[in-house]
Q: 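Okay, here's the structure, questions in a sec.
Along the sequence shown, residues carry numbers from 1. Just so we're clear, the structure is a prediction, and the values are computed from it rather than from any experiment.
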Amino acid sequence: MESNGVTEVTNENGGYDLTSILFSAERDYLVRNNGDQVKPDVLKGKIVGLYFSASWCGPCQRFTPVLVEVYNELQKHHNFEIVFVSGDGDKEAYDAYFSKMPWLAIPFSDSEAREKLDALFTVSGIPHLVILDKDGKVLTNEGVEVIQEYEDEAYPFSPEHIGKLREQEAAAKANQSLKTLLVSKSRDYLISANGKEVPVAELEGKTIGLYFLLATYNGCLAFNPKLIEAYKSLREEGENFEIVMIPLDDDEPSFQEEFASLPWYSLPVKDKCCSKLVRYFKLNSLPTVVVIGQDGKTLHPNVAEAIEEHGMKAYPFTPEKFAELEELEKAKRDAQTLQSILVSEDCDFVLGKDGIKVPVSDLVGKNVLLYFSAHWCPPCRAFLPMLIQAYKEIKAKVEAFEVIFISSDRDQASFDEFFSKMPWLALPFGDKRKQALSSLFKVRGIPMVVAIGPTGKTVTTDAREQIMSHGSGAYPFTVERIKEIEATYDKMAEGWPEKVEHESHHHELVLTKRQFFNCDGCSEEGRIWSYYCDECDFDLHPKCALGSEGGGGEGGAKEEDKANAQGWICDGDKCYKE
């Protein structure tokens with residue numbers, strides 16, 4: 001029987017003969033990452049996974065640690081083995097990647113065997129995991145997806161077992177309860193910070209917040225005080241509310257240190273339910289607080305932002321409550337003025353140069369940019385010259401314009417040094433208004449620039465991106481102005497092809513809007529339009545891509561990456577052969 005020009009070698013059971021497909025007359029062994037040679041007998045009677053992967057493949061790099069964890073778990077109780085089939089073209093890269101793997105491999109030197117296995121199992125994308133049963137029959141060609149979904153619970157990987165898991169998952173969602181979410185075969189309790197075990201059954205009938213926390217992540221650490229405040233207030237008012245933490249840490253000491261200061265319950269670190277709940281709720285951001293109603297059903301997928309903004313007022317997290325809060329927010333936005341966001345009690349001024357106090361009232365009627373930044377932040381320092389240039393160009397044309405620096409610096413000296421380079425105004429260092437403004441405009445990272453119009457209402461919270469893309473031309477930062485600019489850019493590209501092939505690069509280049517780039521053809525800076533390869537981060541000016549000179553040079557992609565990834569395209573989840 002032929003497949004892709006390769007003769008399939010089968011055994012009397014109709015499965016693949018592993019000795020024939022993994023070994024040869026010249027090589028009767030597989031290797032471990034310490035150089036040990038392992039004979040064919042090691043695979044007898046085992047379920048075997050053939051892992052097609054490569055060091056240059058980003059999706060492979062992300063999946064391999066997951067597979068290592070599953071492999072180590074299965075080694076405790078099951079006859080299971082994995083054989084690494086490398087797609088690397090460089091031995092040094094192969095060795096470095098294989099050093100992280102606890103299983104076996106086809107030696108790097110046997111490229112012929114690796115190519116034959118690629119063809120035999122029709123490998124068109126990596127990472128790819130084929131799992132064979134004890135008789136060499138294919139259990140699944142979708143081992144990557146199965147392990148991402150079920151981890152070691154997927155064993156023995158048979159279609160019947162996977163089907164049963166999917167049925168159980170569907171049934172669990174249809175009949176979701178606190179028990180199905182939080183109880184496992186080996187545990188029916190939660191833990192408190194002092195180590196006390198609390199039965200999950202005691203939480204039945206309560207509204208529960210499942211708090212997914214990574215103790216080493218600053219976003220969670222900053223959110224904890226706000227969640228504690230809301231939690232304690234609700235408890236003091238007698239509300240039937242509890243929080244159960246879902247720890248995502250591998251480092252138990254870091255978790256325990258943070259847990260010691262928290263007043264609620266938690267699943268144990270590395271408990272099987274933690275990874276199950278991450279998959280179940282399709283976790284995609286932190287912090288996340290999933291609300292489970294008193295009936296055990298999911299009431300809201302994430303109320304972290306609502307708690308951050310409204311605290312206990314967001315309770316009981318129902319659609320009606322969120323509609324009510326949105327009405328309040330809308331009314332607040334409609335009534336917003338410069339004084340309402342910048343004046344607080346006796347703080348009714350901002351700082352000018354030499355410590356001069358400038359009344360907020362002097363800024364009324366102007367277009368104002370609120371510049372959230374800090375000296376310790378490298379992107380902030382990189383953005384500052386761009387903002388200064390835009391500021392000077394706008395001020396040369398428009399008097400009714402100002403910028404206010406809102407600092408996240410850690411000490412007065414850093415604030416003073418950074419502010420000394422700026423030609424505009426600032427809130428004083430440590431000013432209490434800073435926290436209120438950060439909360440109002442949902443400042444999650446810096447630098448961030450918020451544009452306030454002449455009426456005192458918010459024009460955009462994306463003014464930084466607008467300045468980076470359009471410079472002073474973005475003024476006054478309105479939707480209408482940005483549309484005008486985009487229209488001129490679109491007109492500029494009229495008649496240009498969407499895709500081109502160019503002698504300087506081995507992949508097709510796509511016409512792409514790029515804020516800034518360095519042309520890999522002529523090495524000069526470019527803006528707005530590039531012929532771009534996302535996989536290799538390779539740019540060509542339109543003039544280099546379309547001009548008769550051809551742009552010249554190989555620049556951009558590393559030679560090693562080009563050799564290893566030749567003929568492959570990566571989409572974020574897998575790398576595919578062209």
Side-chain angles (χ1 to χ4, degrees), residues 3 8 10-16 18 21 43 45-53 59-60 62-83 85 103 117 120-188 246 271-284 290 296-298 301 573-574 576:
S3 176
E8 295 186 9
T10 57
N11 55 33
E12 66 274 12
N13 298 309
Y16 289 103
L18 293 184
I21 66 173
L43 301 179
K46 292 185 177 181
I47 291 175
V48 176
L50 303 181
Y51 182 39
F52 298 85
S53 185
C60 298
R62 291 191 293 273
F63 176 69
T64 295
V66 176
L67 186 57
V68 168
E69 189 172 337
V70 169
Y71 175 85
N72 288 336
E73 189 66 28
L74 291 179
Q75 288 296 295
K76 298 175 184 177
H77 308 290
H78 301 291
N79 285 326
F80 179 65
E81 192 51 78
I82 292 176
V83 178
V85 185
W103 45 73
L117 287 167
L120 185 61
F121 291 99
T122 321
V123 178
S124 61
I126 55 174
H128 185 70
L129 180 64
V130 178
I131 301 180
L132 309 173
D133 70 9
K134 297 173 184 178
D135 294 322
K137 295 178 182 177
V138 175
L139 290 167
T140 180
N141 284 303
E142 298 177 349
V144 172
E145 292 75 15
V146 166
I147 282 178
Q148 284 175 332
E149 193 168 357
Y150 300 110
E151 297 183 340
D152 59 288
E153 291 181 9
Y155 186 88
F157 308 106
S158 65
E160 295 77 15
H161 181 66
I162 300 303
K164 184 178 179 181
L165 289 177
R166 286 179 176 149
E167 287 175 6
Q168 290 173 349
E169 191 174 72
K173 288 186 176 180
N175 302 292
Q176 179 180 300
S177 68
L178 213 54
K179 182 178 178 180
T180 64
L181 292 173
L182 299 177
V183 172
S184 67
K185 293 177 182 178
S186 60
R187 178 193 46 74
D188 63 356
I246 315 299
D271 190 275
K272 286 288 183 186
C273 272
C274 296
S275 56
K276 182 190 80 171
L277 291 169
V278 165
R279 298 192 304 272
Y280 186 84
F281 289 110
K282 296 180 171 59
L283 185 73
N284 58 20
V290 178
K297 308 301 182 188
T298 303
D573 296 319
K574 275 186 180 287
Y576 297 95

Q: Minimum heavy-atom separation for His128 to Val130, with atom names?
A: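 That closest heavy-atom pairing would be NE2-CG2, 3.4 Å.
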Q: When you measure from the side chain of His161 to the backbone of Glu153, do you find a donor-acceptor pair of N or O atoms at a distance under 3.5 Å?
A: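 Pair found, side chain donor or acceptor close to backbone of Glu153.
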Q: Roughly how far, to the nearest 0.5 Å, is OG1 of Thr122 from CG of Leu117?
A: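 Answer rounded to 0.5 Å: 11.5 Å.
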Q: Regarding Glu81 and Tyr71, is there a side-chain donor-to-acceptor distance under 3.5 Å anywhere?
A: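 Glu81 vs Tyr71: donor-acceptor pair found between side chains.
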Q: Between Lys272 and Asp152, does any NZ, NE, NH1 or NH2 come within less than 4.0 Å of an OD or OE carboxylate oxygen?
A: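 Salt bridge flag = yes for Lys272 with Asp152.
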Q: Any side-chain heavy-atom pair from Phe281 and Leu181 closer than 4.5 angstrom?
A: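 Phe281 reaches Leu181 side chain to side chain.
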Q: Can you tell me how far CG of Leu43 sits from CZ of Phe80, rounded to the nearest 0.5 angstrom?
A: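 Reported value, rounded in 0.5 Å steps: 11.5 Å.
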Q: Do Phe63 and Gln148 have side-chain heavy atoms sitting under 4.5 Å apart?
A: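 A side-chain contact under 4.5 Å exists here.
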Q: With a 4.5 Å limit on heavy-atom distance, are the side chains of Pro156 and Ile47 in contact?
A: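 The answer is yes; the side chains approach within 4.5 Å.
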Q: Which of these passes side-chain contact (heavy atoms from CB on, under 4.5 Å) with Val144: Val66, Leu129, Leu67?
A: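 Option passing the side-chain contact (heavy atoms from CB on, under 4.5 Å) with Val144: Leu129.
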Q: Might you work through the side chain to side chain contact (heavy atoms under 4.5 Å, CB included) test for Glu69 and Glu151, ending with a clear yes or no?
A: CA-CA 9 Å; Glu69 189 172 337; Glu151 297 183 340; 5.5 Å; no
Q: Can you measure from CG (Leu283) to CD1 (Ile246) and round to the nearest 0.5 angstrom?
A: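 Going from the CG atom of Leu283 to the CD1 atom of Ile246 covers 10.5 Å.
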Q: Just say parallel, tilted or perpendicular for the rings of Tyr16 and Phe121, cut-offs at 30° and 60°.
A: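 If you compare the ring of Tyr16 with that of Phe121, the planes turn out tilted.
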Q: Does the ring pair (Phe, Tyr, Trp, His ring centres under 6.0 Å) test come out yes or no for Tyr150 and Phe157, once each step is laid out?
A: CA-CA 10 Å; Tyr150 300 110; Phe157 308 106; over 10 Å; no
Q: Looking at Tyr280, does the NZ or CZ of Lys173 lie under 6.0 angstrom from its six-membered ring centre and within 45 degrees of the ring axis?
A: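 Flagged: Lys173 positioned over aromatic ring of Tyr280.
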Q: Using a 3.5 Å distance criterion without hydrogens, assess whether the side chain of Lys297 forms a donor-acceptor pair with backbone atoms of Gln176.
A: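 Checking the backbone N and O of Gln176 against the side chain of Lys297, a donor-acceptor pair under 3.5 Å is found.
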Q: Could you go through Phe52 and Val83, starting from their C-alpha distance and side-chain angles, then the distance that decides it, and tell me whether this counts as side chain to side chain contact (heavy atoms under 4.5 Å, CB included)?
A: CA-CA 9 Å; Phe52 298 85; Val83 178; over 6 Å; no
Q: Run the side chain to side chain contact (heavy atoms under 4.5 Å, CB included) test on Leu132 and Leu50 for me, step by step, so that the C-alpha distance in whole Å, both residues' side-chain angles and the decisive distance to 0.1 Å come before the verdict.
A: CA-CA 8 Å; Leu132 309 173; Leu50 303 181; 4.2 Å; yes
Q: May I have the step-by-step check of salt bridge (Lys or Arg N to Asp or Glu O under 4.0 Å) for Asp188 and Lys179, ending in yes or no?
A: CA-CA 8 Å; Asp188 63 356; Lys179 182 178 178 180; over 6 Å; no
Q: How long is the span from the CD1 atom in Ile126 to the OG atom in Ser53, to the nearest 0.5 Å?
A: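 Here the interatomic distance stands at 6.0 Å.
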Q: Please tell me if the side chains of Arg166 and Glu149 come closer than 4.5 Å, counting only heavy atoms from C-beta onward.
A: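 Counting from C-beta outward, Arg166 and Glu149 do come under 4.5 Å.
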Q: Minimum heavy-atom separation for Pro127 to Tyr51, with atom names?
A: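 So the minimum-distance heavy-atom pair works out to CB-CE1, 3.9 Å.
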Q: Between the side chain of Arg187 and the main-chain N/O of Cys273, is any donor-acceptor distance below 3.5 Å?
A: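 Checked: no pair found.
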Q: Could you point out which residue of Asp133, Thr140, Leu139 forms a side-chain contact (heavy atoms from CB on, under 4.5 Å) with Ser158?
A: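 So the option named by the test is Leu139.
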Q: Show your reasoning for whether side chain to side chain contact (heavy atoms under 4.5 Å, CB included) applies to Ile82 and Val48.
A: CA-CA 6 Å; Ile82 292 176; Val48 176; over 6 Å; no
